[in-house]
Amino acid sequence: MTVARILAEKGRSVVTVEPQRTLDEAIHLLAEKRIGAVVVSDAEGAVLGILSERDIMRALAQQGAGALDALVSAHMTAAVVTCTRDTSVEDVMHLMTDGRFRHVPVLEAGRLAGLISIGDVVKRRIAAVEAEHQAMRDYITMA
């Protein structure tokens, strides 16, 4: 299974935030959308970074409540690991595990085309294992 299939099932909509917004604005956006990360992008859709709950917690731990007035660009993860629609789910799982992050932006021709979360990957992996399990049961029953 590839990232393209996940995007076909879940959609390609991605919540983004501009780098000049404040952490306070980003926190409210995360809460409103009930998500754990936002992609930081420019007006043309280029990925500049990603801001996760972990990034926000680090900023608050370092600067206290004053961090809420800081710009997203000051606390985002700028070295973003991305994938393409052709990337396999297994490869995305390895990227997330090795990098210890939970969100991977999907790029198409250098532009944002979707976002894959660990929840998306686990959901599809569990479905695949259950389908294999059922196929084995069916095979054993018919043998």
Side-chain angles (χ1 to χ4, degrees), residues 1-140:
M1 180 185 297
T2 64
V3 167
R5 180 149 178 202
I6 293 176
L7 291 178
E9 292 174 11
K10 77 171 249 179
R12 296 172 42 143
S13 176
V14 181
V15 178
T16 62
V17 67
E18 299 85 15
Q20 71 274 11
R21 299 290 184 187
T22 65
L23 282 187
D24 185 61
E25 290 172 306
I27 289 168
H28 282 90
L29 182 60
L30 289 171
E32 174 190 326
K33 301 294 184 178
R34 301 179 60 99
I35 55 176
V38 290
V39 175
V40 183
S41 65
D42 62 18
E44 289 79 42
V47 174
L48 305 175
I50 193 164
L51 183 73
S52 70
E53 295 165 323
R54 289 180 183 176
D55 295 321
I56 294 167
M57 293 305 293
R58 281 188 207 103
L60 290 171
Q62 293 169 355
Q63 300 175 359
L68 297 175
D69 295 325
L71 298 180
V72 164
S73 60
H75 296 287
M76 69 183 187
T77 299
V80 181
V81 175
T82 63
C83 67
T84 67
R85 294 170 44 84
D86 297 327
T87 305
S88 72
V89 172
E90 290 78 17
D91 287 344
V92 172
M93 287 172 47
H94 288 294
L95 287 173
M96 290 178 171
T97 301
D98 294 344
R100 297 182 58 136
F101 47 81
R102 297 181 230 162
H103 300 86
V104 178
V106 181
L107 298 184
E108 192 173 284
R111 298 287 176 232
L112 187 60
L115 184 70
I116 300 297
S117 72
I118 191 68
D120 299 327
V121 172
V122 169
K123 179 179 177 181
R124 274 46 176 216
R125 185 67 185 127
I126 287 171
V129 169
E130 287 175 350
E132 290 171 11
H133 181 76
Q134 186 60 46
M136 290 295 288
R137 280 184 161 177
D138 293 346
Y139 177 76
I140 291 169

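Residue numbers count from 1 along this sequence.
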Kindly list each side-chain donor-acceptor pair under 3.5 angstrom involving residues 95-110, sequence neighbours excluded, with atom names and distances?
| unit_1 | atom_1 | unit_2 | atom_2 | d |
| --- | --- | --- | --- | --- |
| Thr97 | OG1 | Met93 | O | 2.9 |
| Glu108 | OE1 | Arg85 | NE | 3.2 |

Can you tell me if His28 uses its side chain to pair, donor with acceptor, with the backbone of Asp24 under 3.5 Å? yes
Examine distances only and state if a side-chain atom of Thr77 and a backbone atom of Ala79 form a donor-acceptor pair shorter than 3.5 Å. no
Using the salt bridge (charged side-chain N to carboxylate O under 4.0 Å, His left out) criterion, which residues pair with Arg54? Sequence neighbours excluded. none
Within 6.0 Å of CZ in Arg111, more than 12 heavy atoms from elsewhere: yes
Gly49 to Val80 - nearest heavy-atom pair and separation: CA-CG2, 3.4 Å
Anything under 3.5 Å between a donor and an acceptor, one on a side chain of residues 124-132, the other on a protein residue two or more places apart or in another chain? List them.
| unit_1 | atom_1 | unit_2 | atom_2 | d |
| --- | --- | --- | --- | --- |
| Arg124 | NE | Glu9 | OE1 | 2.8 |
| Arg124 | NH1 | Asp120 | O | 3.3 |
| Arg124 | NH2 | Glu9 | OE1 | 3.4 |

I'd like to check Asp86 versus Val3 (side-chain heavy atoms, cut-off strictly below 4.5 Å). Are they in contact? no
Correct closest heavy-atom pair for Ala26 and Val72 would be CB-CG2, 4.0 Å
Holding to side-chain contact (heavy atoms from CB on, under 4.5 Å), I want the full list of residues that pass it with Ala67, two or more places apart in sequence or in another chain. Leu23, Ala59, Leu60, Gln63
Is Met1 atom CE crowded by more than 12 heavy atoms from other residues, nucleotides or ligands, each under 6.0 Å away? yes
Nearest-0.5 Å distance that lies between atom CE in Met76 and atom OG in Ser52: 12.5 Å
Sort and list the pairs that fulfil salt bridge (Lys or Arg N to Asp or Glu O under 4.0 Å) and have at least one residue in residues 55-65, not counting sequence neighbours. Asp55-Arg58
Asp91: side-chain hydrogen bond (donor to acceptor under 3.5 Å, both in side chains) partners, not counting sequence neighbours: Ser88
Checking Arg137 against Gln134 for the side-chain contact (heavy atoms from CB on, under 4.5 Å) test, could you report, in this order, the C-alpha distance in whole Å, the side-chain angles of both residues, the deciding distance, and whether it holds? CA-CA 5 Å; Arg137 280 184 161 177; Gln134 186 60 46; 4.2 Å; yes
Suppose we screen for side-chain hydrogen bond (donor to acceptor under 3.5 Å, both in side chains). Which residues come up paired with Thr82, at least two apart in sequence or across chains? none
If you measure from CG on Leu7 to CG on Leu115, what distance do you get to the nearest 0.5 Å? 9.0 Å
Hey, could you give me the CG/NE2 distance between Leu51 and His75, rounded to the nearest 0.5 Å? 9.0 Å
Apply side-chain contact (heavy atoms from CB on, under 4.5 Å) to Glu18 and list each qualifying residue two or more places apart in sequence or on a separate chain. Gln20, Arg21
Got a sec, which residues hit side-chain hydrogen bond (donor to acceptor under 3.5 Å, both in side chains) with Thr22, two or more places apart in sequence or on another chain? Glu25
Under 3.5 Å donor-acceptor pairs involving side-chain atoms of residues 32-45, not counting sequence neighbours:
| unit_1 | atom_1 | unit_2 | atom_2 | d |
| --- | --- | --- | --- | --- |
| Asp42 | OD1 | Glu44 | N | 3.0 |
| Asp42 | OD1 | Gly45 | N | 3.1 |
| Asp42 | OD1 | Ala46 | N | 2.9 |

Is a donor on one side and an acceptor on the other found under 3.5 Å between the side chain of Lys123 and the backbone of Ile118? no
For Val89 and Thr2: C-alpha separation, side-chain torsions, deciding distance, then whether side-chain contact (heavy atoms from CB on, under 4.5 Å) applies. CA-CA 5 Å; Val89 172; Thr2 64; 6.0 Å; no
